[in-house]
Amino acid sequence: MVTIETRDASASARAETIISAQKVNVYYGDFQALKEVSIDIRPRQVTALIGPSGCGKSTFLRCLNRMNDLILNCRVVGKLLLNGEDIHRPGFDVVDLRTHVGMVFQKPNPFPKSIYDNVAYGPRIHKMANGRSELDGMVESSLRRAGLWDEVKDKLAGLGTELSGGQQQRLCIARAIAVEPKIILMDEPCSALDPVATGRIEELIFELRRDYTIVLVTHSMQQAARTSQRTAFFHLGELLEVGDTNDIFTKPRHERTEAYITGRYG
Amino acid sequence: MSTHLQKRYRRQRWFVAVSRVTILLALLFLVGLIVSIVGRGWSGFFRGEVQITVALPETVLENSGKVRASVYKKLIHKALLTDFEQHGITDAGSLENIIGFQGALKLRQLVRKDPDSIGRTITTWLPAGKFADGYLKGDLSTQTLVELQVEPDLIRYFEILDRSNKGRMVFNWSFFTLGDSSQPDTAGIGGALAGSFYMLLLTFVLSFPTAILAAVYLELFAPKNRWFDLVEININNLAAVPSIIFGLLGLAVFINLMGVPRSTPLVGGMVLALMTLPTIVISARAAIKAVPETLLAGAMSLGATRMQGVFHHVLPAAMPGVLTGTIIGMAQALGETAPLILIGMVAFIHHIPAGPMEAATALPVQIYLWADNPLRGFAERSAAAIMVLLAFLMIMNISAVLLRKKLEVKW
């Protein structure tokens, strides 16, 4: 399987790669969920992973912070380099990996604790803050970056689970940001949200792109088009096409990509 | 409306009606049970007292610390006979029926507390003897006393006591503080309560942490292989093992093999812990399973280890369910009798245990012992003890419900 890759015009952008997947295969028991996936992910960009259900885009995303480790009988073969280091190599510290690669889930999953404790959890377990005031500062700046501060600054002690769906998802983003990751993985972060909340998250993704590398799995073509710089199209476990979002949406190379983005398939 | 739809509605109405009838039936049985037990046992919480004016001559009570209770009994009976003369009563049979040994003990206690009363004549209330107690509490009517072929003069004297307000009914606090006794009027559930308390404490201390760790491991850490299936099946089987088998196990392993002293709350607690363990493990596993997996994933995505994720988030979220299961398991253990019989907690034990290493009985065993005793008065005692047991069970079950409501996590 050869992935069609549209090259960037600028050579400098090509040289920069934060994650490099090389011939990654994932098996759930006997079922092969990903086949020979190779892709480079550029820093401080939004890379959208699109494709029909069951195409393996979420599986690939979960490879990037090794959340597949949580699934029984899941096996990953191939190389996944983060800054040139293979994250599946024996002895590689997965807990350390996850401090660099944060994740936002499909359904908002704040801890059933206070808003403050939700955001402070990461810094606390990693002992990132010296003293209460520093932790307060981290919580505030994370909530600010997630665009939630003004809405919750007066009720930090309130339960995170009592916020609205969109606020919960932004709380989860703040929680991920608090650990100061370089990469944020987002697994269909808006699929459980209404259009207004979705709009806010998309704006947020757009802003966060300046500081973070974002890999976004989405079912929404519009979302991929609006928020991402690069788009990868997955189909039946294969990565069919990857390239600049503009190119993918205006002149897809692969006929299946075209069928999918125009809504004739999927 | 189509006839088919009407039929469907009719069926639903039937179902609702039948369900209501069954619930009503269950409630009726419950009410019947409570009414019968309360009706039989309420008098166990009270006792009769007789007012008596008794002379305490110095000659007899010198060195009052060493005077035996039987001496006081003689003084009381002398006072009674004086009273009899005033009312023209000649043959009232045994005076124990009016004020018995309990009264003598109480009088001795009073005198020891107030030695100045020696040499004077005092008027005081003393616990009533067997028949007087029954009469004052209304258990024994004049009619019944006649049928029991009690001396007519005794009945007459009771009526005189009533008229002159020298008989009364008071709350029997000593029912909760005294140990077991061969006489119903001095028998209390104090020893059984202490025994049950130590036993439940031990059961909790032994089974709660063990069960939680087992449940957490099985649910969140254990590899799902053949061994896992084996353990799972065995835990489910253990929960269904009749409790008397655990008693046998306790006898064979704890007492005979390990030499744990028999009849003690220690061995009782160990046996009940074994029995409660599978119940708590199963309910804790169900509670843990009900916590969304994304919670653990969320914690681990932030770089928490699996153990941190489990103990910081999953277990606290599962706690209401875990605690409910634990309380219900403990309630089960509180009411358990069969295994305790096998490990010797069924003996007659008068003193109240001061610790889990002393021989003791437990509440349900005490009920079993009293229910077996033919002496008049033990029937009401056992019914009263049943009420206490039921009250504890209700408190535990209600607190389980309240705790669950209070701690429940809103997702």
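Chain naming here is simple, since letters A, B, ... match the order of the sequence lines and numbering starts at 1 in each. Computed over heavy atoms, backbone and side chain alike; hydrogens, waters and symmetry mates excluded.
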**Student:** Side chain, backbone, both or neither: which part of A/Met103 has a heavy atom under 4.5 Å from chain B?
**Tutor:** both

**Student:** Of all residues at least two apart in sequence or in a different chain, which pass the side-chain contact (heavy atoms from CB on, under 4.5 Å) check with A/Ala232?
**Tutor:** A/Ile39, A/Leu49, A/Phe234, A/Leu239, A/Val242

**Student:** Can you tell whether the side chains of A/Arg200 and A/Glu151 come within less than 4.0 Å, N to carboxylate O?
**Tutor:** yes

**Student:** What part of A/Arg66 is in contact with chain B, defined as an atom under 4.5 angstrom from a non-hydrogen atom: side chain, backbone, both or neither?
**Tutor:**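 It is neither, since no heavy atom gets under 4.5 Å.
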
**Student:** Ignoring hydrogens and geometry beyond distance, is a side-chain donor-acceptor pair present between B/His312 and A/Lys113 at under 3.5 Å?
**Tutor:** no

**Student:** At a heavy-atom distance under 4.5 Å, which candidate from B/Gly298, B/Gly303, B/Ala304 has the highest pair count against chain A?
**Tutor:** B/Gly303

**Student:** Could A/Glu188 and A/Lys107 be called an ion pair, given the rule that one side-chain N must be under 4.0 Å from one carboxylate O?
**Tutor:**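 Judged by the 4.0 Å cut-off on N to carboxylate O distance, A/Glu188 and A/Lys107 do not form a salt bridge.
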
**Student:** Which residues pass the side-chain contact (heavy atoms from CB on, under 4.5 Å) test with B/Trp227, sequence neighbours left out?
**Tutor:** B/Asn225, B/Leu230

**Student:** With only heavy atoms counted, which part of A/Val94 is less than 4.5 Å from chain B, the side chain, the backbone, both or neither?
**Tutor:** neither

**Student:** In terms of heavy-atom pairs under 4.5 Å with chain A, which of B/Pro316, B/Ala299, B/Pro223, B/Ala297 leads?
**Tutor:**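 The option with the most such pairs is B/Ala297.
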
